[in-house]
Participant: 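This is the structure, below, for whatever I ask next.
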Amino acid sequence: MLFHVRMDVEIPHDLDPDIRAETVAREKAYSQELQRSGKWPHIWRIVGEYSNFSIFDVADNDELHAILSGLPLFPYMNIKVTPLATHPSDIAAG
Ligand SMILES: O=C(O)C[C@H]1C=CC(=O)O1
């Protein structure tokens with residue numbers, strides 16, 4: 001199943017800088033591992049915002065929830081998930 005996900009990151013300004021750096025580094029490693037696995041095939045920065053648009057390709061809602069709730073930055077994110085279905089006019093879908 002494909003999902004479009006918007007992540008808006010809001011790290012508290014008073015978070016210890018070392019914890020912030022370590023959490024962002026863990027987030028990057030976690031994200032890149034999922035990208036390599038094929039479960040997170042697209043990630044785009046939203047211009048001018050500490051936000052991204054991503055596409056996830058996972059088995060079901062439960063797998064997506066497990067992935068998103070495992071993000072190291074999850075406590076500092078607002079996340080909006082949109083499930084995607086095939087468009088009947090999509091020439092790639094046949
Ligand atoms: O920077 C972000 O958009 C938040 C998050 C998502 C992947 C990653 O490495 O960081």
Side-chain angles (χ1 to χ4, degrees):
M1 293 176 68
L2 291 172
F3 294 89
H4 177 276
V5 177
R6 176 178 176 134
M7 301 178 205
D8 297 305
V9 185
E10 235 181 276
I11 301 176
H13 295 297
D14 59 353
L15 187 67
D16 179 280
D18 290 342
I19 293 175
R20 179 191 170 105
E22 182 264 340
T23 306
V24 169
R26 281 195 294 119
E27 177 84 14
K28 183 172 184 173
Y30 182 88
S31 167
Q32 291 187 335
E33 185 55 37
L34 284 159
Q35 289 173 57
R36 279 188 283 271
S37 79
K39 292 182 186 295
W40 191 340
H42 297 282
I43 180 168
W44 296 93
R45 177 62 77 218
I46 300 174
V47 174
E49 301 184 44
Y50 191 0
S51 305
N52 72 73
F53 282 135
S54 289
I55 300 293
F56 285 85
D57 187 356
V58 293
D60 53 27
N61 292 0
D62 290 337
E63 184 179 17
L64 182 63
H65 185 75
I67 286 171
L68 296 178
S69 57
L71 289 163
L73 285 175
F74 183 75
Y76 312 119
M77 281 181 174
N78 288 311
I79 299 177
K80 184 168 189 303
V81 175
T82 307
L84 301 175
T86 303
H87 194 286
S89 301
D90 182 2
I91 60 169

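First listed ligand is number 1; within each ligand, the first listed atom is number 1. We number each residue from 1, following the sequence as shown.
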Participant: Out of all atoms in ligand 1, which are within 4.0 Å of some heavy atom of Tyr50? Include the element for each.
Facilitator: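 Counting from 1, the qualifying ligand atoms are 1 (O), 2 (C).
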Participant: Checking Arg45 side chain against Ser51 main chain: does a donor-acceptor pair fall under 3.5 Å?
Facilitator: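 Side chain of Arg45 to backbone of Ser51: a pair is present.
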Participant: For Ile79 and Phe74, what are the C-alpha separation, side-chain angles and deciding distance, and is it a side chain to side chain contact (heavy atoms under 4.5 Å, CB included)?
Facilitator: CA-CA 9 Å; Ile79 299 177; Phe74 183 75; 3.8 Å; yes
Participant: With rounding to the nearest 0.5 angstrom, report the CG to NE2 distance, Asn52 to His42.
Facilitator: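 Result: 13.0 Å between the selected atoms.
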Participant: For Val9, counting its heavy atoms only, list the atoms of ligand 1 lying under 4.0 Å from any of them.
Facilitator: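 Atoms satisfying the 4.0 Å criterion: 4 (C).
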Participant: With a 4.0 Å cut-off on heavy atoms, is Val24 touching ligand 1?
Facilitator: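 So Val24 does not count as touching ligand 1.
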Participant: Which atoms of ligand 1 sit under 4.0 Å from any heavy atom of Asn52?
Facilitator: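 Counting from 1, the qualifying ligand atoms are 2 (C), 3 (O), 4 (C), 6 (C).
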Participant: Report the part of Arg45 (side chain from C-beta onward, or backbone N, CA, C, O) that has a heavy atom under 4.0 Å from ligand 1; answer both or neither where that applies.
Facilitator: side chain
Participant: Would you give the length of the straight line joining atom CD of Glu33 to atom NZ of Lys39, rounded to the nearest 0.5 angstrom?
Facilitator: 11.5 Å
Participant: Less than 3.5 Å apart, any donor N or O on the side chain of Ser54 or Trp40 sitting next to an acceptor on the other?
Facilitator: yes
Participant: Looking only at protein heavy atoms, identify the closest one to atom 10 (O) of ligand 1 and say how far it is in Å.
Facilitator: Glu27 CG, 3.1 Å
Participant: Do we see a donor-acceptor contact under 3.5 Å between the side chains of Gln35 and Ser31?
Facilitator: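 The answer is yes; a qualifying pair exists.
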Participant: Going by the atom numbers of ligand 1, which of them fall below 4.0 Å from some non-hydrogen atom of Lys28?
Facilitator: 9 (O)
Participant: Where does Ile43 meet ligand 1, judged by heavy-atom distances below 4.0 Å: at the side chain, the backbone, both, or neither?
Facilitator: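 Near ligand 1, Ile43 shows its side chain, while the N, CA, C and O stay back.
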